[in-house]
Structure formats: structure tokens, C-alpha cells
Number of protein chains: 2
Amino acid sequence: MKAIDILNQHNLKRTSCREGLLDVLIEAQRPISENQIRALLPGNYDRTTFYRSFKTLEENNIIHKIVVDSQFVTYALANEITHRHNHAHFYCHECHKVQCLDEVPVMSTPLPEGYEALEKEVIIKGICPECHA
Amino acid sequence: MKAIDILNQHNLKRTSCREGLLDVLIEAQRPISENQIRALLPGNYDRTTFYRSFKTLEENNIIHKIVVDSQFVTYALANEITHRHNHAHFYCHECHKVQCLDEVPVMSTPLPEGYEALEKEVIIKGICPECHA
DNA sequence: AATGAACTTGCAACATTGTTGCATTTGACA
DNA sequence: TGTCAAATGCAACAATGTTGCAAGTTCATT
Ligand SMILES: [Mn+2]
Ligand SMILES: [Mn+2]
Ligand SMILES: [Zn+2]
Ligand SMILES: [Zn+2]
């Protein structure tokens, strides 16, 4: 799926920032941060524009955001799986890469009386297979 | 338990910043942010000192940190329960309060081959009992 | 009580993440 | 191609966090 098609599908204007962002995220195939995206992106966009693009793309379920820590936030393409079921994320302390664990469903947690859960974020931190050698 | 006793127990120097921080967190009985702590704290400490205190207290398992979002981070006292088993946190979209769900254990997630989990953060967002009326 | 080493603090500077208002530019459609 | 709603760039600001270094504080020992 090309960036342009995705934007058209969602009736979003095709701007070079959005298109570039999406291209980079499609290419990356995993969650990356604003700075990482910026390094891979040809154009030079204002940070405000970047964040407004993130917001729009997230509201349209085209991308999703993973807050690893307050100082390390990543964005990744959404897909049918991630759009439908919630999924966990993994952060590797060694290589500092973030992964969508699409195949790891987020179990529903029984909450005490009166709590209404709307979203649930699960982030697991440890050592990834590549660094585990 | 008094702040001073906690510091002594952990062989930490008794400084007014640490003592004040702890007093506020003991009083609050729930996770609050740096700014909220600061508003409740008599003295006026440099932010660097604040953060160094947070770090020290966290390393000694006296407090723990809850990243609700990259722009909203809270700190709470740790207790025997939170120290021993991992627990989930709840954020209310209405009142913006954060709660430690001590009684809600974090289920161990079966990970794909090769992943070694060291930590796991679970944050549930929704509406709390008080706001659910 | 005074001493002194080790620890803590305050300040300056910087980095990451994110938002709002407003003037200007641009994309999409007629 | 012209129009207008939408997107962008810029300025300013806020929350969160770190590092280096000089100055101050704690606390054990004398
Ligand atoms: Mn994901
Ligand atoms: Mn907690
Ligand atoms: Zn790794
Ligand atoms: Zn509430």
C-alpha cells in the first residue's frame, strides 16, 4: 500500500509532509521516533507540522503511537490486526528498538467495581531475540 | 511511616527536598505529578534537584513512576504490595487522576521465542468510579 | 563541638516531546 | 484556472528530563 492511496482512502489531503511521513513509516516496518523519521525524511518540516500530521494520521487509525518513556515516543503504521485488537509492545534495553507484538493480544484485566476501561497500554521491556545471543 | 524513617531505613541522607517530597507523596496517597508535588511542597527546589531526588527514591524502591503520557508523568509511594508484585495503573479521562490498582495483578504475557521480559507496564485509561456516576 | 570527606544542591545549558495562535501557502474541486 | 477550506511555518510556550560544575550540607569521626 502506497502512502498516497492511504491518504486518499481516508479523504485526507495529500501533502508532502504526510506522504513523506507515511513513506518512512511504511519503509521502517517498526515503530520509530520523530527524530528517526526526520533523519529518514527528505524534506525539512516544522515540528508543529510534524505533530499535526501525527495527530491527523493517528485520529484516522493510520498510525499509532507508542510511549516507551516520557522522553522516547515512537510511531508506527497501523494494520488490520493492530486496528482491530489491541496489542502489546516490546522495548529492548540493548538495541533500543521498539516492536509491535501483533501476535501478543492484550488480555482484558478484571477491574474493581465502577471502573470503565476504554484503552489499555501494555509495554514490555527487556531483551529482544537479536540481542539475546 | 514518616519520611525521615524511610530515608534512614535506606541509608539515604536526610535532605529537606527528599523529606518534603516524601511527605507530600505520603499525604497524597496516590500518584501525582512534579507540578502537583511542587504546589503542595513548602520549599522551592530546583527542578534538577527534584529529578535527582526522584531518581534516588525510585532506585531505592521508595517511590515508583507512572508514565501516563509523554506529557503527564506521576510518582507515587511504593509499598510492600507494589514492591513485590507488579500492578496496573488507571488514568481517568474525566478527573485526570491516576490510581495504583494494587489489587489488579499484571498477568504474565506469553512472548514469542527469544524475548526476555524484564519489566512490564500496564496502564488502563477510562472513567473512574467517582466520575462514572 | 569541630573537622572533613562524601554527598547533595543550585545554576546554566541543553534535549525531547508537544501545543496554541496567527499569517501565509497549498491542495482539491468546481 | 480560480476559490476556499485545510495545511503549513513561525513564534512562543509548557512539561519532562539530563549533564557539568561550583558551592553548600550531612553525618561519621575525632
Ligand atoms: Mn503497535
Ligand atoms: Mn503504582
Ligand atoms: Zn535488542
Ligand atoms: Zn475520574
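Numbers restart at 1 for each chain; the letters A, B, ... are given by sequence-line order, proteins then strands.
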Open item on the list: Judged by each residue's nearest nucleotide on DNA chain D, which is more toward the 5′ side, B:T74 or B:R52?
Closed with: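 The residue closer to the strand's 5' end, by nearest nucleotide, is B:T74.
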Open item on the list: Which is more 5' along DNA chain D, the nucleotide nearest A:D69 or the one nearest A:S53? Just name the residue.
Closed with: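 Its nucleotide being nearer the 5' end, the pick is A:S53.
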TODO: Check whether any side-chain N or O of A:Q36 sits under 3.5 Å from a backbone N or O of A:S33 as a donor-acceptor pair, and report yes or no.
DONE: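 Between the backbone of A:S33 and the side chain of A:Q36 there is a qualifying donor-acceptor contact (under 3.5 Å).
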Task: Under 3.5 Å: donor-acceptor pair, side chain of B:T49, backbone of B:Y45 - done: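 Flag not set: sc B:T49 to bb B:Y45 has no pair under 3.5 Å.
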TODO: Describe, in one word, how the ring planes of B:Y75 and B:F54 are oriented to each other, choosing from parallel (under 30°), tilted (30 to 60°) and perpendicular (over 60°).
DONE: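 B:Y75 and B:F54: parallel rings.
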Rounded distance (Å) that lies between atom [atom2] of [N] and atom [atom1] of [X]:
X	N	atom1	atom2	result
B:N8	D:dA28	CG	C1'	14 Å
B:L12	C:dT9	CG	C1'	16 Å
B:N11	D:dT26	CG	P	17 Å
B:E59	D:dT18	CD	C1'	14 Å
B:E58	D:dT16	CD	P	15 Å
A:Q71	C:dG18	CD	C1'	11 Å
B:L7	C:dT8	CG	C1'	13 Å
A:I66	C:dT16	CD1	P	19 Å

TODO: Identify, between B:K13 and A:T15, the residue whose nearest nucleotide on DNA chain C lies closer to the 5' end.
DONE: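 The answer here is B:K13.
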TODO: Nearest-nucleotide wise, let me know which of A:K55 and A:R14 is further upstream toward the 5' end of DNA chain C.
DONE: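 So the residue in question is A:K55.
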Task: Pair B:E119-A:H93, side-chain donor/acceptor within less than 3.5 Å - done: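 A:H93 and B:E119 do have a side-chain donor-acceptor pair below 3.5 Å.
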Open item on the list: At less than 4.0 Å, is any side-chain N or O atom of B:K65 found next to OP1 or OP2 of D:dT16? Yes or no.
Closed with: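 No, no such contact exists.
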Open item on the list: Between A:S70 and D:dG17, is there a contact of a side-chain N or O with OP1 or OP2 at under 4.0 Å?
Closed with: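 Answer yes for this pair, as a side-chain N or O of A:S70 is under 4.0 Å from OP1 or OP2.
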Task: Side-chain ion pair, A:D69 and B:K65, N-O less than 4.0 Å - done: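 Judged by the 4.0 Å cut-off on N to carboxylate O distance, A:D69 and B:K65 do form a salt bridge.
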Task: Salt bridge present between A:R47 and A:E34 (N-O < 4.0 angstrom) - done: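 So A:R47 pairs with A:E34 through a salt bridge.
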- [ ] Could you check whether A:F54 gets within reach of a base, just the sugar-phosphate, or nothing at all, counting any heavy atom under 4.0 Å?
- [x]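 Counting heavy atoms under 4.0 Å across all strands, no contact is made by A:F54.
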TODO: Please list residues of residues 17-51 of chain B whose heavy atoms come under 4.0 Å from any atom in DNA chain C, ordered by number; otherwise none.
DONE: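 Close to the strand are B:C17, B:R18, B:Y45, B:D46, B:T48, B:T49.
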Open item on the list: Check for me whether B:R38 meets the cation-pi criterion with B:F50, that is, NZ or CZ under 6.0 Å from the six-membered ring centre and within 45 degrees of the ring axis.
Closed with: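 So B:R38 does make the cation-pi contact.
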